[in-house]
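Structure record follows, encoded as structure tokens.
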Amino acid sequence: MNVRPPTGLLLAAFVAAASPQNPPAAGFELTDVTTSAGLHFTHYTGASGRKYLPETLGAGAAFVDIDNDGWQDVILANGTDWPGTAARGTATARVFRNTGHGGFEDVTAGSGLDVPMYGMGVAAADYDNDGREDVLITAVGQSRLFHNVGKGRFVDVTDRAGLGGRTGFSTSAVWIDYDRDGLVDLFICNYVRWTPETDVFCSADGTRKSYCTPEAYPGATSWLFRNKGNGTFEDVTATAGLLDPTSKALGVTMLDYDRDGWPDLFVANDTQPNKLYRNTGAGHFVETAVGAGLAFSEDGRARAGMGTDAADLDNSGIPSVVVTNFSGEMLGLYTPTTAGHYEDRAAHSECFFFDADLDGLLDLLVVNGHIDEGVRAAGGRVEYAEAPHLFHNAGGRLVDVARQAGSDFAAPKVGRGAAFADIDLDGDLDVLVTTNGGPARLYRNRVTLPNRAIRIALRGTKSNRDGIGAIVRVRVGSSWLTRLVRTGSSYLSQSELPLTFGLATHPAADEAVIEWPSGLREKTGSLAAGRFYTITEGRGVTSSQPLNRR
């Protein structure tokens with residue numbers, strides 16, 4: 001059996017700005033501040049020569065304000081030793097508190113998240129609407145739910161919440177209020193049915209063990225857990241129409257592709273067709289990926305889908321969908337053509353999503369890395385560490401500006417997860433990249449153009465507290481910028497929940513319209529650039545503070 005092709009192309013989408021045609025520079029700089037910011041972390045794969053499949057895929061990270069001080073903190077998933085191998089130390093997830101203005105301190109010890117587990121992904125939301133962000137860490141084995149009890153401390157409530165005993169090879173996850181009852185529910189992706197006991201011997205040369213392809217293992221259904229409102233969840237996977245043991249899910253994103261107000265789910269599958277689950281609004285989903293044009297590549301093949309994201313690429317109000325795949329395969333960039341239908345246009349343009357220079361157009365960040373360090377000895381053009389791509393949206397034409405953004409950022413790395421946040425509250429978006437078996441890298445963004453932004457955090461009252469599922473539309477002149485409040489997306493990772501809207505050189509946004517999950521439609525007046533606004537459901541703007549723009 002052949003060794004798996006290179007992984008690579010794992011997605012993180014965030015907010016960026018348009019630049020002139022054929023720009024000589026990116027309009028922004030991404031500087032590696034990992035060491036100076038105090039973010040000291042090395043991912044542990046637990047690899048001991050057995051070539052276990054999970055060792056190639058992790059791990060992710062999340063930006064979460066764990067202590068409600070207004071600064072985005074960092075949680076990094078981590079692996080651990082496998083049963084039956086000699087212990088080489090205790091590895092757990094790591095927690096870094098933002099000390100303000102972009103510095104971090106390791107507060108893992110005593111946080112409650114310092115639990116040994118083979119962690120894969122991180123997804124956070126306030127599932128009980130108590131005003132504090134709770135954390136799910138997906139894992140190989142038992143994924144764990146941690147309740148935030150205040151001051152950055154967590155308690156493992158997996159069993160109490162009704163999630164205990166559900167083991168699998170879990171990857172990405174999203175919190176989604178699929179029934180719009182004001183409580184966020186939980187969707188967890190599962191990859192394949194694999195355990196150390198069922199590990200298959202795969203070999204590229206017939207002698208030495210190699211990492212297997214996913215074809216060596218049967219698929220596994222993902223899970224949907226409905227929030228019952230009493231701190232517990234119930235498995236509604238089958239009754240919601242999501243039971244599918246053929247899937248091999250690595251990435252998931254929430255979107256409202258048909259603009260009916262009900263949140264839908266798009267799942268990126270590895271070597272299996274992608275799935276688009278349309279929310280009927282009656283507690284049930286209908287799988288529509290084939291009809292929507294999202295199941296396969298342009299030539300009708302199922303590709304090795306990994307990371308995924310959905311966002312309004314052209315300010316039309318309708319999300320495009322991105323799926324990242326293995327090297328040797330075209331990226332999938334699906335853009336809307338007619339109502340409810342998409343076309344894969346990756347073969348016709350340089351592609352992918354993120355707003356780095358704050359002009360209101362979403363650009364795309366993609367991080368790459370092979371799965372097997374042995375590829376270095378195999379010759380050819382493929383490398384273990386690979387350079388990232390940062391596709392800048394120049395008015396519909398996407399141009400890779402990774403090198404112009406910074407030499408440290410563009411350097412090859414064994415990339416896996418990626419997330420963004422405004423770590424220093426200066427209005428632009430900074431980037432965190434995780435690597436397999438290596439360090440996490442933090443890049444501070446500095447916009448070199450005179451572009452400005454506004455930031456918006458939502459606080460639900462009838463809707464869930466985080467406003468997850470809310471659509472925020474901001475008018476800047478004749479353009480409408482549309483963003484969806486959501487968790488997850490990217491690959492195993494989560495970006496911050498507050499929304500950033502690049503205004504270019506406009507002094508203000510003319511208005512903002514919020515479509516809350518409760519059905520309330522709320523409108524604000526003008527919002528001045530350079531400020532961070534909190535909008536509370538039914539009450540409008542309830543606080544505003546200046547950004548620390550340098």
Side-chain angles (χ1 to χ4, degrees), residues 1-10 43-59 77-89 91 116-121 138-143 167-171 189-222 244-250 268-272 301-306 325-329 369-380 382-386 414 416 435-438 491-492:
M1 186 171 295
N2 292 329
V3 65
R4 186 177 190 169
T7 56
L9 308 178
L10 307 178
H43 173 241
Y44 183 63
T45 68
S48 62
R50 299 187 181 188
K51 299 284 186 177
Y52 284 161
L53 180 61
E55 297 166 0
T56 68
L57 296 178
N78 206 2
T80 191
D81 291 305
W82 296 110
T85 61
R88 287 170 286 168
M117 58 190 297
Y118 203 93
M120 295 295 294
T138 63
V140 179
Q142 178 67 66
S143 297
T167 59
F169 189 160
S170 299
T171 53
C189 290
N190 286 305
Y191 187 35
V192 295
R193 281 179 276 168
W194 176 94
T195 66
E197 294 75 27
T198 60
D199 185 66
V200 174
F201 181 86
C202 298
S203 177
D205 59 10
T207 303
R208 291 172 297 179
K209 192 174 191 296
S210 302
Y211 287 113
C212 291
T213 70
E215 287 92 341
Y217 299 98
T221 187
S222 297
D244 178 12
T246 69
S247 283
K248 299 180 179 181
L250 285 173
N269 279 316
D270 188 355
T271 70
Q272 296 294 313
R301 294 184 302 110
R303 293 185 291 200
M306 298 194 70
N325 304 297
F326 292 143
S327 56
E329 293 183 325
H370 200 281
I371 65 165
D372 193 343
E373 192 169 5
V375 72
R376 291 171 172 164
V382 178
E383 297 289 340
Y384 183 51
E386 299 176 334
V414 188
R416 290 296 184 265
T435 65
N436 186 252
Y491 172 73
L492 306 177

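All figures in this text were calculated on a predicted structure; none of them were measured in a lab.
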pair T435-H43: side-chain heavy atoms closer than 4.5 Å = no
Under 3.5 Å, is there a donor-acceptor pair between the N190 and S170 side chains?
-> yes
Out of curiosity, W82 CH2 to E55 CD, how far, rounded to the nearest 0.5 Å?
-> 6.5 Å
Looking only at heavy atoms, which two atoms of A139 and S143 are closest? And how far apart?
-> N-OG, 3.1 Å
Can you find a pair of side-chain heavy atoms, one from L53 and one from V192, that are under 4.5 Å apart?
-> yes
Of all heavy-atom pairs linking A77 and A59, the shortest is O-CB, 3.7 Å
Where do R50 and T85 come nearest, in terms of heavy atoms and distance?
-> CZ-CG2, 3.7 Å
What is the distance from atom OG1 of T198 to atom CZ of R193, rounded to the nearest 0.5 Å?
-> 10.0 Å
Measure the shortest side-chain to side-chain distance between Y217 and D199 over non-hydrogen atoms and say whether it is less than 4.5 angstrom.
-> yes
Between N269 and the options P214, C189, S247, S222, the side chain to side chain contact (heavy atoms under 4.5 Å, CB included) test singles out S247
Is there side-chain contact between L250 and K248, with heavy atoms separated by less than 4.5 Å?
-> no
For residues Y44 and D81, determine if any side-chain heavy atom of one lies less than 4.5 Å from a side-chain heavy atom of the other.
-> yes
Run the numbers on Y118 and T138 for side-chain contact (heavy atoms from CB on, under 4.5 Å), then give the verdict.
-> CA-CA 8 Å; Y118 203 93; T138 63; over 6 Å; no
Kindly indicate whether the side chain of Y52, heavy atoms from C-beta on, has any atom under 4.5 Å from the side chain of V140.
-> no
Please tell me if the side chains of N436 and L57 come closer than 4.5 Å, counting only heavy atoms from C-beta onward.
-> no
Do any N or O atoms from the side chain of S203 and from the backbone of R208 form a donor-acceptor pair under 3.5 angstrom?
-> yes
Do F201 and K51 come within less than 4.5 Å of each other through their side chains, counting heavy atoms only?
-> no
